[in-house]
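In what follows, residues are counted from 1 in the order of the sequence shown. Nothing here was measured: the structure is a model prediction, and the numbers come from that model. These numbers come from the heavy atoms of this one structure, side chains and all, not from hydrogens, waters or symmetry mates.
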Amino acid sequence: RNEQGWVQIRKTETIMNNINPEWNLLYISIAELCDKDPQMSLLISVFDYDSSSNHDLIGSVQLTLAEMQTMAQSGSQAKLGGGEKERGLLCVTECKVEQPLGEEERRRSRTAYPSRKGSSPA
């Protein structure tokens, strides 16, 4: 997040024709994700892919890294909201902070998902 609002960090792969998708593990440095602040609020948004028009927002939730770590340990879920209605549940199955990667590991992890907009490979 910045003073102007939210900043997109990553975008996962599209899971087609599945009402209970399971995404691949996503590696993001703690510095990139939340400026090394595990209490920073993060917005997670889930969209329904639509090839002929704009993608439809299914729902979103604001969580901190610390909350996601707790969710992964406890098996608890977060409700995706969208207006007045509950729009589904977000399950975090793994969330941990690891030691910084070496250069080769960092390069490989960057290829798993597109880099954030406006960033350039280091």
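- Within the 4.5 Å cutoff, the side chain of Q62 has heavy atoms near those of the W6 side chain.
- Summarising the geometry, atom CG belonging to L25 is positioned 12.0 Å from atom OG1 belonging to T12; distances are rounded to the nearest 0.5 Å.
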### Query
What do the steps show when you test V92 against E67 for side-chain contact (heavy atoms from CB on, under 4.5 Å), and what is the final call?
CA-CA 10 Å; V92 179; E67 289 170 329; over 6 Å; no
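- Residues that satisfy the salt bridge (charged side-chain N to carboxylate O under 4.0 Å, His left out) test with E22, not counting sequence neighbours, are absent from this structure.
- Residue-environment remark: CG (N54) stays at or below the threshold of 12 foreign heavy atoms within 6.0 Å.
- Judged by distance alone, with hydrogens and angles left aside, the side-chain atoms of R10 form a donor-acceptor pair with the main-chain N or O of Y27 at under 3.5 Å.
- Note on V97: it clusters hydrophobically with L26, by side-chain heavy-atom contacts below 4.5 Å among ILVMFWY residues.
- Here the closest heavy-atom approach between residue E13 and residue N24 is recorded as OE2-N, 3.0 Å.
- Between A72 and C95, the closest heavy-atom pair is CB-N, 3.7 Å.
- Taking each heavy atom of W23 and I15 in turn, the nearest pair found is NE1-CG1, 3.6 Å.
- To the nearest 0.5 Å, the span separating CG on L65 from OG on S41 amounts to 12.0 Å.
- Between L89 and K79 the shortest side-chain heavy-atom distance falls below 4.5 Å.
- Put simply, I30 and M71 are part of the same group of oily side chains (I, L, V, M, F, W, Y) that touch within less than 4.5 Å, one to the next.
- L80 and I44 fall within the same hydrophobic cluster, defined by Ile, Leu, Val, Met, Phe, Trp and Tyr side-chain heavy atoms under 4.5 Å apart, directly or through other members.
- L42 is listed as a side-chain neighbour of C34, based on a closest heavy-atom distance under 4.5 Å.
- From L90, atom CG reaches atom CD1 of I58 across 11.5 Å, with rounding to the nearest 0.5 Å.
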